[in-house]
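Quick notes on the structure that follows.
We're numbering straight along the sequence, starting at 1.
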Amino acid sequence: MPEDDGEFRSIADAAPIAFWTTGLDGKRRFVNRYYAEFLGVDHQTALERDWREIIHPDDYDRIVTESLLGEASLKEFTLEGRYRRGDGEWRWLRSKSQPRWNEAGEHIGFVGVANDVTETKLADIELREREAKLLALINQGTAGLSQVDLHGRFTMVNDRFCEISGWSREQLLERTMQSITHPHDLGRNVSLFNDLVRDGVPYSHEKRYVRSDGRIAWVNNSAALVRDSEDRPVGSICVTLDVTQRREDEAALRKSEESIRLAVESAGMATWELDLDTMEGIWSANRFDLLGLPRRTDGRGSVEDWLARIHPEDVQRVREAAYACFEQGTPFQIEYRILRADTGEERWLQSHASRIVVGDEGDLRFVAVSFDTTHRRQAEAELRASEIRFRTIFEEANDYIITCDLEQRITSVNPAVVSALGYSEREIVGRSVGDFLAPEQFDVAGKLLQHKLDHGGATRYSIRIQTRDGSELVWEINSRLTHDTDGVPIGLQAIARDVTESKRFEMHQRLLIDELNHRVKNTLAIVQGIAQQTFRDPGVPLAARKAFEGRLAALAEAHNLLTRELWSPVSIRKVITDAMSPHCDGQRCHIEGPDLPLEPKTAISLALAMHELATNAVKHGALSNDTGTVDISWDKVRDETGTRLKLSWTEAGGPPVSVPNRRGFGTRMIERGLAVELGGTVRIMFPPEGVRCEVDAPLPDMDA
């Protein structure tokens, strides 16, 4: 219908909704009277006004985006949001727009209508808010609330019900009330539920739920039928109270008499009471046993039966405390000695007593509990003796004993520390450990403390101490953390020993060893010079000179290794690797075996043997060409004779080998010298494929 058609305009203007048309440029071509009145402007201004100006800021981006997408689809689309009316009030509008086409089928714009849905929208928002408040109220209730359908499947649960039943909301909404009910309660529960569904009879009962972790929860359930608007049953709503604690309390109450009896008999506790009119009352059976009295069939005893068994030195004190309780109601807790009626043995007892009012008439009764504390008293006496012994050790020990907190503030020292540092105990306790250390040593102590905090255990280290007179001591300290009853570190305890003189001796010894090593090196250099002068004689073969120099070099290298290790046991791998390095690399020499320690003398003999074998391999054997290899392997084995070293030298890939006509010096040195040194056997063999050397020797225990 054309926009200027009079009938169309009359109908549009009479409509109680906003109506408009737009062209392809998005501008309004027509708006009805309601549209202009909503804007609060005249008709011409309404045509010219950009509709996006009146969109609520919170809805603007969404509505504009949805409008662009709807127009692009060339299909009907709906928008809903808040718009500012001419009087400034925000109103909810729901609009529908659809494309317009001309007679030729060409798209020429859009036509749209908008309804004011403010009241409906506000009512919907209010309803949702009420539902949210109701749900929050349900979830915050102290009682569990649940709803199930006619088959028992959960359709609603609140937070408290989830907490009581031990299942999450998601889990419950996939289960039935039957599935979480304890099997022993299921039959009775199902019967009640069926009666409720069939006859509408509400019920209340107590049963058990099996929680998701397998634990049991006792509940009190009150269930009622839920009907729909047509009064048809649709399920059940149930209010659930957690009565687990009450059930447990009831069970505990039922067992209380038995528990008391067991406690009395197993812990040595005895209960007793007195009627203050007769001064007699019921005693527990072991009350008689405690005093060494025969058990009485009526279970009754008197105050005089008790006082008669108390040690003469304690009876007056106990009598005064007892009668102060009888007459004035003063409770007492008292420890005293008794002499058993049957054996006369002295035992320690502790009694707790009070005067109580019983019955409506205000009768007074005396109730008490007693138990044997003899073992505790003996333990306390032993503890005091132990403390005295510890204090004696602490005070008289020659070692330095120190305790401090985790801030490294000193909390106690023994007299040896006081004497060594030259300060009084008062001047030491409370100060930082760092006050008595050389400047850089406090950081060391801090790092070691952190190591103990991170990894536990103890640390042993040497540290330099500064005394009052400015002298410096070296202490060897063994320290570990102290802990409270929960195992939390609370401090540090350390035992130290003065190693100042031993450190000075070690330093002096090191200087002497360094001097000796220097002199040995000089001696080897002199020997090498003498050898060079001697071997210059034209009659001495060049090969002999080279062999001697090589052996001397091998000896020097072994000596260097031992010097670096301060002539302590050295690694067999290091000895072999150093000896072979001048002759071949890892591609042609394969060295494999556990890292075993060797005595210095044995290490030198092995180094010389490796040198001789390698020299021979370079001259005549596997290392004399480009393809040969040497395999050196060893292992630590155990047999009936003890732990042994098995070492083998195997050549391969070299020129064919033949057995020599005579044994050279090197071969004899290996087979005899090394065998003697190791205390075992050394065999050199000459198969055609390559020289082999096998060593079998006892292996001393270097850890002994």
Side-chain angles (χ1 to χ4, degrees), residues 120 122-259 360:
T120 302
L122 293 178
D124 184 55
I125 292 173
E126 183 179 1
L127 178 61
R128 287 201 299 270
E129 289 177 349
R130 288 181 180 178
E131 289 177 346
K133 290 178 181 178
L134 178 60
L135 182 60
L137 182 62
I138 290 173
N139 282 331
Q140 292 173 7
T142 57
L145 190 65
S146 62
Q147 186 170 321
V148 298
D149 62 18
L150 296 178
H151 302 289
R153 182 170 296 278
F154 287 104
T155 57
M156 185 276 292
V157 292
N158 72 345
D159 291 345
R160 179 57 179 155
F161 185 82
C162 295
E163 181 182 344
I164 293 173
S165 67
W167 296 84
S168 69
R169 177 176 281 101
E170 293 74 15
Q171 290 173 319
L172 288 170
L173 294 179
E174 295 179 353
R175 303 182 71 89
T176 64
M177 67 90 175
Q178 295 92 329
S179 69
I180 67 170
T181 299
H182 194 283
H184 292 171
D185 302 330
L186 186 58
R188 178 169 55 90
N189 193 173
V190 168
S191 176
L192 291 171
F193 182 76
N194 290 339
D195 291 344
L196 172 68
V197 172
R198 184 183 63 251
D199 303 325
V201 180
Y203 65 87
S204 179
H205 74 139
E206 291 191 359
K207 69 171 185 176
R208 288 161 289 183
Y209 283 137
V210 181
R211 299 167 62 94
S212 60
D213 59 7
R215 293 187 295 126
I216 300 300
W218 274 97
V219 297
N220 182 296
N221 278 354
S222 297
L225 192 65
V226 176
R227 300 178 182 273
D228 62 14
S229 58
E230 298 180 4
D231 202 34
R232 292 176 299 189
V234 294
S236 167
I237 190 166
C238 179
V239 177
T240 299
L241 298 177
D242 187 347
V243 296
T244 305
Q245 187 61 51
R246 195 204 75 205
R247 281 279 187 162
E248 291 176 352
D249 292 344
E250 290 175 350
L253 184 61
R254 288 193 297 270
K255 296 177 181 177
S256 61
E257 293 184 359
E258 181 67 13
S259 298
D360 296 334

Checklist entry - How long is the span from the OG1 atom in T181 to the CG atom in N189, to the nearest 0.5 Å? => result 5.0 Å
Next on the checklist: Any non-hydrogen side-chain atom of T240 less than 4.5 Å from a side-chain atom of N220?
Outcome noted: no
Checklist entry - Can you tell me if S236 uses its side chain to pair, donor with acceptor, with the backbone of V148 under 3.5 Å? => result no
Next on the checklist: Going by side chain to side chain donor-acceptor pair (under 3.5 Å), name the residues that satisfy it together with T120, two or more places apart in sequence or in a different chain.
Outcome noted: none
Checklist entry - Within a radius of less than 6.0 Å around NE2 of H151, do more than 12 heavy atoms belonging to other residues, nucleotides or ligands occur? => result no
Next on the checklist: For T176, is there any backbone N or O sitting under 3.5 Å from a side-chain donor or acceptor partner on S179?
Outcome noted: yes
Checklist outcome for this item: When rounded to the nearest 0.5 Å, the distance separating CZ of R175 from CG of L172 is 8.0 Å
Checklist entry - Passes side-chain contact (heavy atoms from CB on, under 4.5 Å), F154 versus M177? Steps please. => result CA-CA 7 Å; F154 287 104; M177 67 90 175; 3.7 Å; yes
Next on the checklist: For a side-chain contact (heavy atoms from CB on, under 4.5 Å) check, start with the C-alpha distance between L225 and L196, then their side-chain angles and the critical distance, and finish with the verdict.
Outcome noted: CA-CA 6 Å; L225 192 65; L196 172 68; 3.9 Å; yes
Checklist entry - Quick one: are E206 and N221 in side-chain contact, heavy atoms under 4.5 Å? => result no
Next on the checklist: Quick check: closest heavy atoms across F193 and D149, and the distance to 0.1 Å?
Outcome noted: CZ-O, 3.6 Å
Item to check | CA sep, side-chain torsions, deciding dist, call: D249, R246, salt bridge (Lys or Arg N to Asp or Glu O under 4.0 Å) | outcome: CA-CA 5 Å; D249 292 344; R246 195 204 75 205; over 6 Å; no
Checklist entry - What class does the angle between the rings of F161 and Y209 fall in, given that below 30° is parallel, 30 to 60° is tilted and above 60° is perpendicular? => result perpendicular
Next on the checklist: Can you give me the closest heavy-atom contact between R160 and D242, atom names plus distance?
Outcome noted: NH2-CB, 3.9 Å
Item to check | Note, I216 side chain near H182 side chain (heavy atom, < 4.5 Å) | outcome: yes
Checklist entry - Looking only at heavy atoms, what is the nearest atom pair of V210 and P183, with distance? => result CG2-CD, 4.5 Å
Item to check | Separation between CD1 of I237 and OG of S222, rounded to the nearest 0.5 Å | outcome: 11.5 Å
Checklist entry - How about Y203 and D195: do any of their side-chain heavy atoms sit closer than 4.5 Å? => result no
Next on the checklist: Any side-chain to backbone donor/acceptor pair from E174 onto Q171? Under 3.5 Å, distance only.
Outcome noted: no
Next on the checklist: Set out, in order, the CA-CA distance, both residues' side-chain angles and the distance that settles side-chain contact (heavy atoms from CB on, under 4.5 Å) for L145 and V157, then state yes or no.
Outcome noted: CA-CA 6 Å; L145 190 65; V157 292; over 6 Å; no
Checklist entry - Can any side-chain N or O of N194 pair as donor or acceptor with the backbone N or O of V190 at less than 3.5 Å? => result yes
Next on the checklist: Using a 3.5 Å distance criterion without hydrogens, assess whether the side chain of S212 forms a donor-acceptor pair with backbone atoms of G166.
Outcome noted: yes
Next on the checklist: I'd like to know if the side chain of N158 and the backbone of A143 have a donor-acceptor N/O pair within less than 3.5 Å.
Outcome noted: yes
Checklist outcome for this item: Sorted by chain and residue number, the salt bridge (charged side-chain N to carboxylate O under 4.0 Å, His left out) partners of E230 (sequence neighbours excluded) come out as R232
Checklist outcome for this item: Hits for salt bridge (charged side-chain N to carboxylate O under 4.0 Å, His left out) against R153, two or more places apart or cross-chain, chain-then-number order -> none
Item to check | Closest heavy-atom pair and its distance - L150, V197 | outcome: CD2-CG1, 3.9 Å
Checklist entry - How far does NE2 of H205 sit from CG of L192, to the nearest 0.5 angstrom? => result 6.0 Å
Next on the checklist: I'd like to know if the side chain of R211 and the backbone of E163 have a donor-acceptor N/O pair within less than 3.5 Å.
Outcome noted: yes
Next on the checklist: With side-chain contact (heavy atoms from CB on, under 4.5 Å) as the criterion, how do V219 and R208 come out once you've worked through the C-alpha distance, each side chain's angles and the decisive distance to 0.1 Å?
Outcome noted: CA-CA 6 Å; V219 297; R208 288 161 289 183; over 6 Å; no
